[in-house]
Amino acid sequence: MKQTRFGKQDFVKSSPHFFRLIYGALLIFLVLALCGGALLPAPLLGPADPGNPPNPAKSAWFLLWIQELVSYGTFFIYPALA
């Protein structure tokens, strides 16, 4: 590293080396995700029928933890809302 006239050191930029690694990891992840999405089955249910709901009704996957809290008692929802 060479010294500049103000006493600061010039540093080697990391972008050519570091970001090449990041881009490679991103490319590998995207290829694996696309291959997994194309090869692994993800069956869907039939269309929703509001006149005939499933028993027991289940929330969307990201709300299941709230539904589980409410099943123990309505008091347990208050800490989740805070």
Side-chain angles (χ1 to χ4, degrees):
M1 289 185 214
K2 67 178 187 175
Q3 293 280 343
T4 61
R5 64 184 179 138
F6 298 111
K8 295 181 181 177
Q9 293 180 346
D10 289 334
F11 293 101
V12 176
K13 293 185 178 182
S14 63
S15 62
H17 307 289
F18 180 68
F19 287 112
R20 193 173 298 146
L21 177 66
I22 298 295
Y23 292 147
L26 176 66
L27 180 66
I28 290 171
F29 173 76
L30 285 176
V31 167
L32 289 175
L34 288 174
C35 289
L39 298 176
L40 297 175
L44 299 176
L45 297 175
D49 182 13
N52 187 15
N55 188 14
K58 290 192 176 184
S59 299
W61 63 268
F62 52 89
L63 296 174
L64 282 176
W65 65 277
I66 294 177
Q67 184 178 8
E68 191 69 24
L69 280 177
V70 174
S71 71
Y72 293 134
T74 56
F75 175 76
F76 293 112
I77 194 68
Y78 295 120
L81 295 175

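For Tyr78, the side chain to side chain donor-acceptor pair (under 3.5 Å) criterion is met by no residue, not counting sequence neighbours. Considering only residues two or more places apart in sequence or on other chains, Tyr72 meets the side chain to side chain contact (heavy atoms under 4.5 Å, CB included) condition with Glu68, Phe76. Residues satisfying the side chain to side chain contact (heavy atoms under 4.5 Å, CB included) test with Trp65, not counting sequence neighbours, are Leu69, Ala80. With sequence neighbours left out, the side chain to side chain contact (heavy atoms under 4.5 Å, CB included) criterion links Leu26 to Leu30.
A chain of hydrophobic side-chain contacts below 4.5 Å, direct or via other Ile, Leu, Val, Met, Phe, Trp or Tyr residues, connects Val70 to Phe62. In the hydrophobic cluster analysis, where Ile, Leu, Val, Met, Phe, Trp and Tyr join through side-chain heavy atoms closer than 4.5 angstrom, Tyr23 is grouped apart from Ile28.
In plain terms, the two heavy atoms of Pro53 and Pro50 that are nearest each other are CD-O, 3.9 Å.
Residue Leu40 belongs to no hydrophobic cluster, having no ILVMFWY side-chain heavy atom closer than 4.5 Å to its own.
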